[in-house]
Amino acid sequence: MIAQLTNILGTNRVKANVVLAPYTSFKLGGPAEYYFEALTRNDLVKAYEASQRYGLKLTILGGGSNVMIAQKGIAGLVVRNLYKEKEILDDQNNAVVLRVSSGYPVTSLVYETVDAGFSGLEYHLGLPGTVGGAIYMNSKWTKPVAYVGDQVVEAELIGSDGTVKTVNQAYFQFAYDFSILQKTHEILLTVAFRLKKESKEEVKKRAEETLKQRKNTQPFGVFSSGCFFKNLNGKSVGQLIDELGLKGFSVGNFSVSDKHGNFIIHKGDGKREDLEQLLSVIKSKVKAEYGVELEEEVVFI
Ligand code: EPU
């Protein structure tokens, strides 16, 4: 299979049995059966074609910041999306339309747009992961409420018939922790954001304030996947977990963050069964105390 994939994707570009843990922020998980790094739009299109031709399951990995990869790994072709490109499509007096590729790291994009005095993405400073992941999840900030999907004008996707199509914002059905990509599994190539022109100082002030709040309330520089569970009707699950006295609670090398109850920290070299045990304690305590079922925000693959 490596030979066939190489024919389509290029010499020395496809590897077998590549451990994926280093490519995730949680640093856990088994190998990809076949692994390929996409650097261009064409790489993504070709990877899709190769997966179709050989009947391989296709998994696109962005920044790996919101995923939990199984110990047994992922069958088929895993594509790490490193496609990084951006271009101004339209430049008016008070706004620009900026097209960005799906493998673009969100925080670099925010720094660059803030620096240019473009407003609309500044509340996402400090968000890990790529633009593709942020669109798939419709990543958010809450103070004030701002979703990555809010600024979207249009996007290019590889549709389920393999052709590239352009869709508008409404197509995504953006909602809390939701975009239609979670159902269609179409591959995002690029997305165009409409950003307002503003004084650079003002935009920068909001971005810096967001980052400060993020650092004050969430753990940084540790192995985590952001918030592990979805909030419940706007109620902070971190707060619920905190009120149960579970901050700092550990099983093996995993623990509930001391800083935010919805973050699980991996101290390194952890066993998947210990993580499962920790999750099950959290879920059953929340269920017993509040009568609600927690739902993972992190995507298990
Ligand atoms: N709180 C506690 N204890 C905790 C955590 C929170 O008492 O351990 C309290 C806070 O003091 C505050 C309230 O709960 O009064 C809300 O906390 P926070 O502002 O941290 O927001 P959240 O609802 O817990 C959501 C998102 C975060 C996002 C923040 C900030 C979800 C599941 N979480 O958290 O998203 O960064 O708002 O906008 O929707 C993520 O998606 O990975 C993520 C971390």
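One-based numbering, in listed order, for ligands and for the atoms of each. All values derive from a computational prediction rather than experimental measurement.
Counted by atom type alone, Gln239 and Glu243 present one or more donor-acceptor pairs between their side chains at under 3.5 Å. Using modelled atom types, one finds no donor on one side chain facing an acceptor on the other under 3.5 Å when comparing Asn231 with Ser236. Side-chain atoms of Gln182 and Ser179 form no donor-acceptor pair, as typed in the model, at a separation below 3.5 Å. No hydrogens or angles considered: nothing links the side chains of Thr40 and Asn42 as a donor-acceptor pair under 3.5 Å. Between the side chains of Tyr171 and Gln169, no donor-acceptor pair is found at a separation under 3.5 Å.
When only interatomic distances are considered, the shortest N/O to N/O separation between Asp177 and ligand 1 does not fall below 3.5 Å. At under 3.5 Å, not a single nitrogen or oxygen of Ser225, backbone or side chain, sits near a nitrogen or oxygen of ligand 1. Residue contacts with ligand 1: Lys140 is placed with a nitrogen or oxygen under 3.5 Å of a nitrogen or oxygen of the ligand (distance criterion only). Between Gly261 and ligand 1, a contact under 3.5 Å exists for at least one N or O pair.
A side chain to side chain contact (heavy atoms under 4.5 Å, CB included) with Val191 holds for exactly one of Val152, Val167, Leu98, Leu157; it is Val152.
Scanning all protein heavy atoms for the shortest distance to atom 1 (N) of ligand 1 gives Gln239 CB, 3.7 Å. Protein heavy atom closest to atom 20 (O) of ligand 1, with residue, atom name and distance, is His260 NE2, 3.0 Å. Counting protein heavy atoms only, atom 23 (O) of ligand 1 is closest to Asn231 ND2, 2.7 Å. Ranking protein heavy atoms by distance to atom 40 (C) of ligand 1, first place goes to Glu297 OE2, 3.2 Å. Closest protein heavy atom to atom 19 (O) of ligand 1: Lys143 NZ, 2.8 Å. Among protein heavy atoms, the minimum distance from atom 33 (N) of ligand 1 is reached at Cys227 SG, 3.4 Å. Shortest contact from atom 16 (C) of ligand 1 to any protein heavy atom: Ser236 CB, 3.8 Å. Atom 3 (N) of ligand 1 has Asp242 OD2, 2.7 Å as its closest protein atom, hydrogens excluded (heavy atom only).
In this structure, Lys212 pairs ionically with Glu209, as a charged nitrogen and a carboxylate oxygen lie closer than 4.0 Å.
Under the 30°/60° scheme for interplanar angles, the aromatic rings of Tyr23 and Tyr35 are found to lie parallel. Taking the six-membered ring where tryptophan is involved, the planes of Phe263 and His260 are perpendicular, since the angle between them exceeds 60° and thus also 30°. Between His266 and Phe223, the ring planes are tilted. Angles from 30° to 60° get that label.
At least one heavy atom of Gln218 lies less than 4.0 angstrom from ligand 1. Ligand 1 is approached by Asn262 to a heavy-atom distance shorter than 4.0 Å. The shortest separation from a heavy atom of Gln213 to ligand 1 is not under 4.0 Å, leaving the residue out of contact. Residue contacts with ligand 1 do not include Met137, since none of its heavy atoms lies under 4.0 Å from the ligand.
Near Gly226, meaning under 4.0 Å from one of its heavy atoms, ligand 1 places the atoms 42 (O). Residue-ligand proximity, Phe229 to ligand 1, at heavy-atom distances under 4.0 Å covers atoms 32 (C). Of all atoms in ligand 1, listed by their number and element, those nearer than 4.0 Å to a heavy atom of Tyr176 are 31 (C), 32 (C), 39 (O). Close contacts between ligand 1 and Phe263 involve ligand atoms 44 (C) [criterion: under 4.0 Å to a heavy atom].
Distance remark: protein heavy atom present below 4.0 angstrom from atom 6 (C) of ligand 1.
Remark: Ile187 CD1 to Ser51 OG distance equals 6.5 Å, nearest 0.5 Å. One finds the CZ atom of Arg13 at 12.0 Å from the CG atom of Leu5 (value rounded to the nearest 0.5 Å).
Under the 4.5 Å side-chain heavy-atom criterion for grouping Ile, Leu, Val, Met, Phe, Trp and Tyr, Tyr136 is not connected to Val298 through any hydrophobic cluster.
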